[in-house]
Amino acid sequence: LNIIQTWNEHVLGFTRAGAVILANFSEVQQHISRVALDGLLGNDYERIHGISELKNKKDLVLEPLDLLVIKHQVRSET
């Protein structure tokens, strides 16, 4: 378990088992700078849980009371 510095007092962030977990404890949307997530996510990732959307090269907007789980997308070679 590694804590992520989100620079937002309403959002708890950590990594576990290759996933990035972000929890918004506020009843309003919260913004997380993409800089806070740099190095944690590559270009290919998938949302495992949550309703918030992470768009490439943009800050993340976490929906109210959302628990977002993001994991590196594994591509299969065929």
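Two residues are said to be in side-chain contact when any heavy atoms from C-beta on lie closer than 4.5 Å; Leu68 and Leu60 meet this criterion.
Taking all atoms of both residues into account, the shortest heavy-atom contact from Gln29 to Pro64 is N-CG, 3.8 Å. Contact record, Phe25 with Leu12: CE1-CB, 3.8 Å, taken as the closest heavy-atom pair. Nearest heavy-atom pair, Ile4 versus Ala36, reported as atom, atom and distance to 0.1 Å: CG2-O, 3.9 Å.
Note that CG of Leu22 and CG of Asp66 are 9.0 Å apart. Values are rounded to the nearest 0.5 Å. Expressed to the nearest 0.5 Å, how far CD1 of Ile48 lies from CD1 of Ile21 amounts to 10.0 Å.
Within the 3.5 Å criterion, the main-chain N or O of Gly13 finds no donor-acceptor partner in the side chain of Thr6. Ser52 contributes a side-chain N or O that, together with a main-chain N or O of Glu63, makes up a donor-acceptor pair within less than 3.5 Å. The backbone N or O of Phe14 lies less than 3.5 Å from no partner atom in the side chain of Asn2, so there is not a single donor-acceptor pair. Between the side chain of Asn8 and the backbone N or O of Ile32, no donor-acceptor pair lies under 3.5 Å.
No donor-acceptor contact under 3.5 angstrom links the side chains of Gln30 and Asn24, judged on distance only.
In this structure, Glu9 places its CD atom where only 12 or fewer heavy-atom neighbours from other residues, nucleotides or ligands lie under 6.0 Å away.
A continuous path of Ile, Leu, Val, Met, Phe, Trp and Tyr side chains, each step under 4.5 Å between heavy atoms, connects Leu1 with Val69, placing both in one hydrophobic cluster.
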